[in-house]
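These numbers come from the heavy atoms of this one structure, side chains and all, not from hydrogens, waters or symmetry mates. Throughout, a chain's letter reflects where its sequence line sits, starting with A, and its residues are numbered from 1. Fair warning: this is a prediction, and the values are worked out from it, not measured in the lab.
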Amino acid sequence: MAKRASDNKDGICSRSQDYSQWYLDIIKRAELAEHSAVRGCMVIRPHGYTIWEKMQRELDDRFKATGHVNAYFPLFIPLSFLEREEQHAAGFAKECAVVTHHRLMSQDGRVVVDPESALEEPLIVRPTSETIIWNQYRNWIQSYRDLPLLINQWANVVRWEMRTRLFLRTAEFLWQEGHTAHASEAEAREETTRMLEVYADFAERVMAVPVVKGAKTPGERFAGALDTLTIEGMMQDGRALQMGTSHYLGQNFAKAADVTFLNRDNELEYVYATSWGVSTRLVGALIMSHSDDTGLILPPKLAPIHVVVVPIYRDEDQRQATVSAAHALAEQLRPAGLTVRVDDREGMQPGAKYYEWELKGVPLRLEIGPRDLEQGTVALVRRFLADEQGLDEAAIRKARKAFMPRDQAVAAIPGILEAMQGELLERARRMRSARSRVIDDLDDFGRFFADEGGGFAWVHWAGDADDEDAMARRFETSIRCIPMQDHIPEAARGTGTCIFTGKPSSQRVVMAKAY
RNA sequence: CGGGGCGUAGCUCAGCCUGGUAGAGCGCCUGGUUUGGGUCCAGGAGGUCGCAUGUUCGAAUCAUGUCGCCCCGACCA
């Protein structure tokens, strides 16, 4: 790829120049992930994987707190299982990896598939696990006393995508999939909503990404679901990203796998199901929500390293003194549960270290030099300001840095990280409001997306699937969700007229260009 | 699957048009120097030029084929 004029010294394209390239540059330079030898599959590097691990921990705690337990089901699914639920099968048919043989052999110095080893029945690498899990649930559920069954699985899945993007869409990805069974529709629907709330809470409190909660239109529903709920985030380029889904599956999978139970009245009934999931796509959402042209910006709750300490020195005596003071500082901070890295690499100038850690998204940096040793102080530098609007680079840099007594810094840091977590969410909220518009006119709608950068358009809608397609072809937008009632901003409430068909509409939907 | 682009050192690329046996910057290693925002100097390691076939005395360079990857579209979390 040709060098771009707007690349900074770390080889990061600016967001304004090419958002998509910026995204790829951040991932590469911050060492989050890279392309592998296998088309469409990525290698998640330690820095990126640590972020995922932190997400997993937070989510898993929330799943446990809502009564779920973890289990593990096979990677391979018999082909026939997928046939059982018609819509489900159709939904995934075009993107399945199929295992047909179980043995290799040597032939003229090459390794080839042994044609004699064909499987009697091909195995599908799971694109999702509903079918194999429900096949097992059949044996676990007999009575209403066995319900609800609340199980989650952390796993990898494969969807043979034609076009992939690191984290956002890869052929193999990591995720969690919750699969629950209930004795009534009401209870299953409640579970569907509860888990969407868990996702929304996680997105906002942990990822610092505000989301719109809502339902998908029939065309955007999960294959086999009666209802799909979603959380939709807005990325810095104004595009929507589906960050998590929770499905009410009704009795579709119970019927397909013949999972029945005896209710209190001793009647045989099919159980009611839900499934819900989030994936490593969330790492992509995190990057696109907060980071800047300098590099990654991470909410403290997901940062692999909270504080980096950089010693500054001129001679050997100073080196020993400041490095030792840096380690002492780190030890003071660690009891607070913080991950602290002392960067005592030699032969590297402090400035070079600053750039590197900012690129990697470390929220706080402590600089400790000879002057600090004399005065008992330390320089505390934040990765970003609560509001950087209207400030030039020099002003921002100055405002981010403060000298203070060391003990004061140690005492203040947990609170500062907490504050930064909140500021990120606020920044993201401000960005989203600035790019959200209540629109009633199709021309305005077109201008919003063509000339004004686009974002979330709150429009009245009463169209059908064909109308939705027509909108998509004309504006490249889609209905991201039909927002939950309690989730609609003041200005977007009430009834009105469909922006496309002119029919009466009971509420507005969120339209946007999507990833 | 359609459109575009690219495969030369770890990375970014030049060299190709007009064939003569491979370069730069960054990174890496050694030594010195420097160190409160990316120091500088010297020395050094590192490449079957994606692969195959052909043309030629000679191919990174020309031809044909092939593989792979990236970007844009249709599909999707």
Base, sugar-phosphate or nothing for [X]? Non-hydrogen atoms, less than 4.0 Å.
X: A:F92; value: nothing
X: A:R473; value: nothing
X: A:S279; value: base
X: A:R397; value: base
X: A:F222; value: nothing
X: A:L168; value: base
X: A:E358; value: base
X: A:R165; value: nothing
X: A:T170; value: base

Could you check which of [options] has an atom nearest any side-chain atom of [X]?
X: A:A352; options: B:G37, B:A77, B:G38; value: B:G38
X: A:Y355; options: B:G36, B:G37, B:A77; value: B:G37
X: A:R365; options: B:A77, B:G37, B:C11; value: B:G37
X: A:R281; options: B:A77, B:G36, B:C11; value: B:A77
X: A:Q242; options: B:G37, B:A77, B:G36; value: B:A77
X: A:E95; options: B:C76, B:G37, B:A77; value: B:C76

[N] pairs with which nucleotide, Watson-Crick or G-U wobble, both distances below 3.5 Å?
N: B:G23; value: B:C13
N: B:A45; value: none
N: B:G7; value: B:C67
N: B:C1; value: B:G73

Atom [atom1] of [X] to atom [atom2] of [N]: distance rounded to whole Å?
X: A:E34; N: B:G68; atom1: CD; atom2: P; answer: 20 Å
X: A:Y313; N: B:U34; atom1: OH; atom2: C1'; answer: 11 Å
X: A:W22; N: B:C70; atom1: CH2; atom2: C1'; answer: 19 Å
X: A:M348; N: B:U33; atom1: CE; atom2: P; answer: 20 Å
X: A:R319; N: B:U33; atom1: CZ; atom2: C1'; answer: 16 Å
X: A:K94; N: B:C76; atom1: NZ; atom2: P; answer: 7 Å
X: A:E356; N: B:C11; atom1: CD; atom2: P; answer: 18 Å
X: A:I479; N: B:C76; atom1: CD1; atom2: C1'; answer: 18 Å

For the [atom1] atoms, the ones on [N] and on [M], what distance do you get once it is rounded to whole angstrom?
N: B:A14; M: B:U61; atom1: C1'; value: 13 Å
N: B:U48; M: B:A22; atom1: C1'; value: 13 Å
N: B:U8; M: B:G73; atom1: C1'; value: 31 Å
N: B:G31; M: B:C71; atom1: P; value: 41 Å
N: B:G25; M: B:G46; atom1: C1'; value: 16 Å
N: B:G44; M: B:G37; atom1: P; value: 34 Å
N: B:U64; M: B:U18; atom1: P; value: 15 Å
N: B:C67; M: B:C51; atom1: P; value: 15 Å

Check whether NZ of the Lys or CZ of the Arg [X] lies under 6.0 Å from the centre of the six-membered ring of [Y] and within 45 degrees of that ring's axis.
X: A:R84; Y: A:F81; value: yes
X: A:R382; Y: A:F384; value: yes
X: A:R45; Y: A:W52; value: no

Check the phosphate of B:C72 against A:S20, side-chain N and O only, distance under 4.0 Å to OP1 or OP2. Yes or no? yes
Has the side chain of A:R314 got a donor or acceptor atom sitting under 3.5 Å from an opposite partner on the base of B:G36? no
Looking at A:R159 and B:C76, is any side-chain donor or acceptor paired with a base atom of the opposite kind under 3.5 Å? no
Indicate, with yes or no, if the rings of [X] and [Y] have centres closer together than 6.0 Å.
X: A:F445; Y: A:F449; value: yes
X: A:H68; Y: A:W276; value: yes
X: A:F253; Y: A:H179; value: no

On RNA chain B, nearest-nucleotide positions of A:L24 versus A:D315: which is more 5'? A:D315
Taking for each residue the nucleotide of RNA chain B with the nearest heavy atom, is it A:R371 or A:G40 whose nucleotide lies nearer the 5' end? A:R371
Taking atom CD of A:E86 as the centre, report whether more than 12 heavy atoms of other residues, nucleotides or ligands fall under 6.0 Å from it. no
With a cut-off of 6.0 Å (strictly less than), are more than 12 heavy atoms of other residues, nucleotides or ligands near CZ of A:R345? yes
